[in-house]
Amino acid sequence: SGGGGGGGGGTGGFLRRFDIYRKVPRDLTEATALGGSISLVFYALFLVLFLAEVRNFLAVSERTEIEIDHAEDGILQVNVNVTFSKVSCEWLAVDVVNVLHQKREDIKDRTLHKYDANDGQHMGYANEAVDDRADLEHLYEMSGKGRDHYGNTRHAIEISETSKNGATLSEMLDRFEVVLVDFHAPWCIHCQRLSPIYEHAADLVKQRGPVEIDRHHKHAVALATFDCTIPEHRATCLKEGIQAFPTILVYRQSSKHMVTGAMGRYYEMYTGKREAKPIADFALSVLKDVQSKDVDALPMPHKGHDADKDGTPDSKVQAHGCRVEGYLMVRRVPASIIMRLSGDRTGHSVAHELLRLDHRISHLSFGNRKPSEVRQQVPDNMEGAYAEKPGRPVVLAEGIDEVGFSSLEDNRSNGTVFEHFMKVVGTSRIPASASKKKPILTAYEYSFSSSTHSGEEPKVVFSYDISPMRIVVREETKPWIEGAVALMALLGGVYSFSMIFEGLVSGAASLAKKRD
């Protein structure tokens with residue numbers, strides 16, 4: 001018994017030499033009210049610091065790096081939503097030109113749509129247009145009568161706002177129940193081809209109109225021409241919304257019956273075959289419709305009059321205004337997206353001097369991520385393209401802000417060119433633990449600047465330069481060992497400081513008692 005106790009005592013005595021937690025018997029210690037008060041304060045302080053340290057340990061920090069962009073995909077998606085207030089969709093064309101001298105004119109991507117800006121009606125894709133009927137040849141025998149601008153025998157009435165002998169447009173519309181007016185320009189090759197056809201159609205209407213319609217309505221229908229190149233005629237052509245030559249507008253029961261949309265007045269334009277008989281048949285059919293049904297207003301928007309009953313309208317009713325919306329897949333190199341005017345594919349010559357490409361940008365972004373998906377992972381304080389901040393020049397987040405651009409007011413002869421330049425920088429966010437709910441996010445930010453100047457023809461140019469560098473934002477979390485060390489340091493620090501603080505306060509209290 002003694003040996004065992006001596007052995008145990010020997011081992012215990014050896015271990016007690018290393019004891020740094022030496023205890024003082026409780027009956028030799030004394031508790032004070034001051035010490036209890038200080039202990040409660042430091043208990044509360046330790047609890048607050050402990051919770052703050054745990055929150056800091058669980059927080060995700062960010063580390064930003066700049067590195068060379070080694071994107072394997074050589075294709076970039078460009079998303080656009082641009083509204084043109086003064087141009088019809090059929091005259092808009094989209095080109096892409098890059099620094100590799102690759103050019104795509106009238107692109108055929110079906111991912112880029114055109115909509116009527118007045119009612120949202122889908123007008124087709126970027127390259128779609130009506131059938132080209134301008135190259136139909138027509139032989140017409142001339143006589144010694146009066147000639148038109150192109151040397152053809154004149155049968156259509158020439159409208160003039162300056163000559164005292166000619167009828168003005170308003171007088172023509174008041175005199176006839178139905179009037180077809182060919183707005184043209186002598187320099188236009190398509191107008192030159194249409195001229196003999198149109199004159200022949202006017203002759204047919206003169207011959208057949210009084211017989212087929214009503215012998216008492218000899219001035220019921222007429223075909224007329226209007227030269228938009230005459231300076232005094234410019235205001236009228238602008239008022240009537242002429243955007244390309246030739247344009248044959250259909251007027252029913254004067255101009256008092258108007259239909260307006262969000263972007264302005266609707267027009268009825270003849271779009272049928274460019275042949276004499278179809279044009280004449282159309283004019284007489286419209287007159288029959290007006291007189292028999294007492295229909296004196298325009299057909300419904302986007303509808304028209306089907307004269308030959310083949311199921312395809314020979315006219316269409318539309319207003320100015322076109323929204324280009326969708327996306328383009330382009331090479332991942334600096335390039336320009338050009339939105340311009342083109343009428344050749346529709347058998348027209350665009351009237352650049354009468355058109356303005358005033359536009360409003362509602363959306364402009366790069367990449368295949370939707371803004372709503374991006375913002376779910378992007379912190380509120382993130383700068384750049386996907387930041388939801390009112391007042392940005394162009395906000396990519398679902399049209400929060402829209403920016404409008406207008407043509408130069410003093411630009412009368414040439415077109416206004418709008419230049420928009422973007423410096424695009426890729427930004428990748430790598431989550432601390434990527435998953436399906438929180439995948440690696442790649443977005444594009446850009447700076448935006450614009451300028452306006454005069455050019456040979458109006459157009460809108462979106463030029464962008466892709467930076468060879470990209471910003472990488474990595475989310476980082478602290479390792480468990482770092483959190484454990486921080487908590488132990490906190491515990492030891494608070495305890496040590498509390499002991500020192502309590503000693504100072506107790507010493508000061510004892511000194512004060514001695515002086516008293």
Side-chain angles (χ1 to χ4, degrees), residues 78 80-99 101 103-107 114 117 126 183-191 227-247 263-264 320-324 334-346 348-362 364 393-394 402-423 446-465:
V78 183
V80 297
N81 186 339
V82 183
T83 300
F84 296 87
S85 59
K86 302 181 182 298
V87 179
S88 299
C89 287
E90 65 259 43
W91 313 128
L92 278 175
V94 181
D95 303 338
V96 177
V97 183
N98 62 30
V99 296
H101 304 289
K103 185 174 183 180
R104 298 165 58 197
E105 295 183 338
D106 274 356
I107 59 172
K114 294 193 291 188
F183 292 86
H184 65 96
W187 52 261
C188 168
I189 184 62
H190 304 294
C191 299
D227 184 0
C228 287
T229 62
I230 299 176
E232 291 78 6
H233 288 182
R234 175 185 171 86
T236 300
C237 293
L238 286 171
K239 178 183 176 182
E240 299 304 313
I242 305 304
Q243 300 184 340
F245 305 123
T247 294
M263 296 293 177
H320 296 164
C322 183
R323 185 175 83 250
V324 180
S336 296
I337 298 175
I338 304 172
M339 297 185 180
R340 60 180 178 85
L341 302 167
S342 175
D344 290 338
R345 67 187 189 279
T346 62
H348 295 81
S349 298
V350 174
H352 293 135
E353 67 277 11
L354 300 177
L355 283 173
R356 296 175 57 175
L357 285 181
D358 296 3
H359 61 284
R360 184 177 70 253
I361 302 176
S362 300
L364 183 60
V394 177
E402 295 182 337
V403 180
F405 298 89
S406 298
S407 302
L408 301 175
E409 294 297 333
D410 58 351
N411 188 357
R412 298 299 180 185
S413 58
N414 296 326
T416 299
V417 178
F418 299 91
E419 298 274 1
H420 304 303
F421 180 75
M422 292 148 287
K423 186 69 175 181
Y446 62 82
S447 60
F448 184 89
S449 60
S450 299
S451 66
T452 306
H453 61 86
S454 297
E456 295 182 358
E457 61 182 51
K459 59 184 175 181
V460 178
V461 182
F462 295 93
S463 300
Y464 57 88
D465 184 14

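Nothing here was measured: the structure is a model prediction, and the numbers come from that model.
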Quiz item: Between Val78 and Phe462, is a side chain to side chain contact (heavy atoms under 4.5 Å, CB included) present by the stated rule, with each step listed?
Solution: CA-CA 11 Å; Val78 183; Phe462 295 93; over 6 Å; no
Practice problem: Only counting residues at least two apart or in another chain, list the ones meeting side-chain contact (heavy atoms from CB on, under 4.5 Å) with Val350. | Solution: Leu341, His352, Leu355
Quiz item: Taking all atoms of both residues into account, what is the closest heavy-atom pair of Ile338 and Lys459, and its distance?
Solution: CG2-CD, 4.1 Å
Exercise. Could you tell me whether the side chain of Gln243 and the main chain of Ser88 form a donor-acceptor pair under 3.5 Å?
Key: yes
Practice problem: Please report the shortest heavy-atom distance between Leu354 and Leu238, naming the atom on each side. | Solution: O-CD2, 3.4 Å
Self-check item: Residues in side-chain contact (heavy atoms from CB on, under 4.5 Å) contact with Ser349, at least two apart in sequence or another chain
Solution: Trp187, Cys188, His190
Exercise. State the CD1-CZ distance between Ile361 and Phe418, to the nearest 0.5 angstrom.
Key: 10.0 Å
Quiz item: Which residues pass the side-chain hydrogen bond (donor to acceptor under 3.5 Å, both in side chains) test with Ser336, sequence neighbours left out?
Solution: Ser463
Self-check item: Separation of Thr83 OG1 from Asp358 CG (nearest 0.5 Å)
Solution: 12.5 Å
Quiz prompt | Separation of Ile242 CD1 from Thr247 OG1 (nearest 0.5 Å) | solution = 5.0 Å
Self-check item: Between OG1 on residue Thr229 and CZ on residue Arg234, distance to nearest 0.5 Å
Solution: 12.0 Å
Exercise. Flag the pair His184 / Asp227 as yes when at least one side-chain heavy-atom distance between them is below 4.5 Å, and no otherwise.
Key: yes
Exercise. First locate atom CG of Leu357, then atom NZ of Lys86, and finally report the distance between them rounded to the nearest 0.5 Å.
Key: 11.0 Å
Quiz item: Parallel, tilted or perpendicular: which describes the rings of Phe84 and His359, with under 30° parallel and over 60° perpendicular?
Solution: tilted
Self-check item: Smallest separation among heavy atoms of Ser342 and Ala93, with atom names
Solution: CB-CB, 3.9 Å
Quiz prompt | Set of residues satisfying salt bridge (Lys or Arg N to Asp or Glu O under 4.0 Å) with respect to Arg340, sequence neighbours excluded | solution = Asp95, Asp106
Quiz item: Can you tell me how far CZ of Phe448 sits from OH of Tyr446, rounded to the nearest 0.5 angstrom?
Solution: 6.5 Å
Exercise. Using the test side-chain contact (heavy atoms from CB on, under 4.5 Å), find all partners of Asp465 that sit at least two apart in sequence or belong to another chain.
Key: Pro334, Phe421, Lys423
Self-check item: Considering all heavy atoms, the nearest Met339-Val324 contact
Solution: CE-CG1, 4.1 Å
Practice problem: State which residues pass side-chain hydrogen bond (donor to acceptor under 3.5 Å, both in side chains) with Ser450; sequence neighbours excluded, sorted by chain then number. | Solution: His420
Quiz item: Checking His348 side chain against Phe245 main chain: does a donor-acceptor pair fall under 3.5 Å?
Solution: no
Self-check item: Contact check, side chains of Thr416 and Arg356, non-hydrogen atoms, under 4.5 Å
Solution: no
Quiz item: What pairs with Glu105 under salt bridge (Lys or Arg N to Asp or Glu O under 4.0 Å), at least two apart in sequence or on another chain?
Solution: Lys103
